[in-house]
Amino acid sequence: MKIKKVTKAVFPVAGLGTRFLPATKSIPKEIMTLVDRPLIQYAIDEARAAGIKEFIFVTSRGKSALEDYFDHSPELESTLRKAGKDALLEILKETNMDSGAIAYLRQNRPMGLGHAVWCARRLIGDEPFAVLLPDDVIASEKPCLQQMIEAYEQTGGNMVAAMEVAPARASSYGVLDIEEDLGAIVRVKGMVEKPTAEEAPSNLAVIGRYILSPKVLTNLNKLKQGAGGEIQLTDAIAEEAKSGNVFGYRFRGQRYDCGSKAGFLQATVAFALARPDLRDEFGEYLTDLMALQQAAQ
Ligand code: UTP
């Protein structure tokens with residue numbers, strides 16, 4: 001079986017981000033920073049490491065800060081160059097994208113994740129593609145999408161990142177119905193969106209990394225014609241599971257749900273403690289804070 005290389009990735013960033021209001025009234029959620037980098041930078045770095053060459057953003061009103069972030073900033077760069085601040089110039093380089101490597105599309109109404117991905121159909125064409133939700137940030141030795149692409153090269157089809165969750169947490173996720181457990185990879189026969197603990201068909205939940213075949217776009221097309229409310233990506237993927245073409249991948253790493261306040265704060269602490277320039281000072285502060293809290297109880 002000849003498996004086509006995955007070189008395109010879609011970043012759906014057109015959601016309203018209501019869990020972060022009022023901040024998201026004027027700041028796109030994806031521009032919020034973990035330590036000193038916006039969430040979107042982590043997703044782009046992960047995609048680049050996995051060999052992605054074309055980056056497709058599905059955006060909406062009020063997200064222009066995202067577009068500016070990936071542009072050159074001639075004034076800032078020339079000021080830093082004159083001041084000999086080469087280290088800062090190097091850091092800025094990571095934010096620059098080659099001309100033509102990045103495309104922005106508009107989703108004119110937030111009609112759901114499935115609809116956002118469908119908006120990118122013309123740029124994707126007849127190729128497999130990755131989808132990364134930037135509010136899922138994954139800390140791992142090997143970037144999550146790279147792990148998935150390596151697994152996908154064995155299976156083809158469609159692949160979703162999966163992580164184990166406690167039954168009580170299943171209702172926050174799409175949960176995999178497993179046909180065959182092959183270890184890191186599972187073959188999926190269905191997906192249940194937000195089940196109760198009793199309804200959950202397994203403990204494997206889908207998180208925001210996908211490798212999808214163009215057939216999913218065809219399925220989204222059909223859903224779009226029939227849908228009244230939001231168009232769910234899960235439904236379009238589940239359709240493919242009927243023919244045994246969907247795999248879950250148990251990635252190695254820690255996922256943070258940075259679309260929620262608690263997840264964002266956890267990621268901030270974890271990423272700060274992982275930074276050599278902050279670890280000591282910040283770690284000491286946290287230890288003191290915990291001691292003060294315990295003394296007060
Ligand atoms: P979320 O479910 O996290 O929704 O979307 P949200 O609007 O961003 O945030 P809350 O729940 O209101 O706080 C998951 C991903 O899908 C994108 C979001 O931008 C996010 O990356 N999305 C969602 C779209 O691009 N369009 C949509 O219509 C819905």
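Quantities reported herein were computed from a predicted structural model and do not represent experimental measurements. Every number for a ligand or one of its atoms is a count from 1 in the order of the listing.
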- Can you list the residues that meet the side-chain contact (heavy atoms from CB on, under 4.5 Å) rule with A162, with sequence neighbours excluded? L176, L204
- Taking NZ, NE, NH1 and NH2 as the nitrogens, is one of them in K63 or E30 under 4.0 Å from a carboxylate oxygen of the other? yes
- So does E127 pair up with K8, basic N to acidic O under 4.0 Å? yes
- Transitive ILVMFWY cluster of L80 at side-chain heavy atoms under 4.5 Å: who else is in it? L76, L88, L89, I91, L92
- Apply side-chain contact (heavy atoms from CB on, under 4.5 Å) to R169 and list each qualifying residue two or more places apart in sequence or on a separate chain. V165, A166, S172, Y173
Can you list every pair where an N/O of ligand 1 is under 3.5 Å from an N/O on the protein?
| unit_1 | atom_1 | unit_2 | atom_2 | d |
| --- | --- | --- | --- | --- |
| ligand 1 | 3 (O) | R19 | NH2 | 2.9 |
| ligand 1 | 3 (O) | K29 | NZ | 3.4 |
| ligand 1 | 3 (O) | D135 | OD2 | 3.4 |
| ligand 1 | 7 (O) | L16 | N | 2.8 |
| ligand 1 | 7 (O) | G17 | N | 3.1 |
| ligand 1 | 8 (O) | K29 | NZ | 2.7 |
| ligand 1 | 9 (O) | G17 | N | 3.4 |
| ligand 1 | 9 (O) | K29 | NZ | 3.3 |
| ligand 1 | 11 (O) | R19 | NE | 3.1 |
| ligand 1 | 11 (O) | R19 | NH2 | 3.3 |
| ligand 1 | 12 (O) | T18 | N | 2.7 |
| ligand 1 | 12 (O) | T18 | OG1 | 2.5 |
| ligand 1 | 13 (O) | T18 | N | 3.1 |
| ligand 1 | 13 (O) | R19 | N | 2.8 |
| ligand 1 | 13 (O) | R19 | NE | 2.9 |
| ligand 1 | 19 (O) | P12 | O | 3.4 |
| ligand 1 | 19 (O) | A14 | N | 3.4 |
| ligand 1 | 19 (O) | G15 | N | 2.9 |
| ligand 1 | 21 (O) | P12 | O | 2.7 |
| ligand 1 | 25 (O) | A14 | N | 2.9 |
| ligand 1 | 26 (N) | Q107 | OE1 | 2.7 |
| ligand 1 | 28 (O) | Q107 | OE1 | 3.3 |
| ligand 1 | 28 (O) | Q107 | NE2 | 3.3 |
| ligand 1 | 28 (O) | M111 | N | 3.2 |
| ligand 1 | 28 (O) | G112 | N | 2.7 |
| ligand 1 | 28 (O) | G112 | O | 3.4 |

- Aromatic contact, Y152 with Y249 (centres under 6.0 Å): no
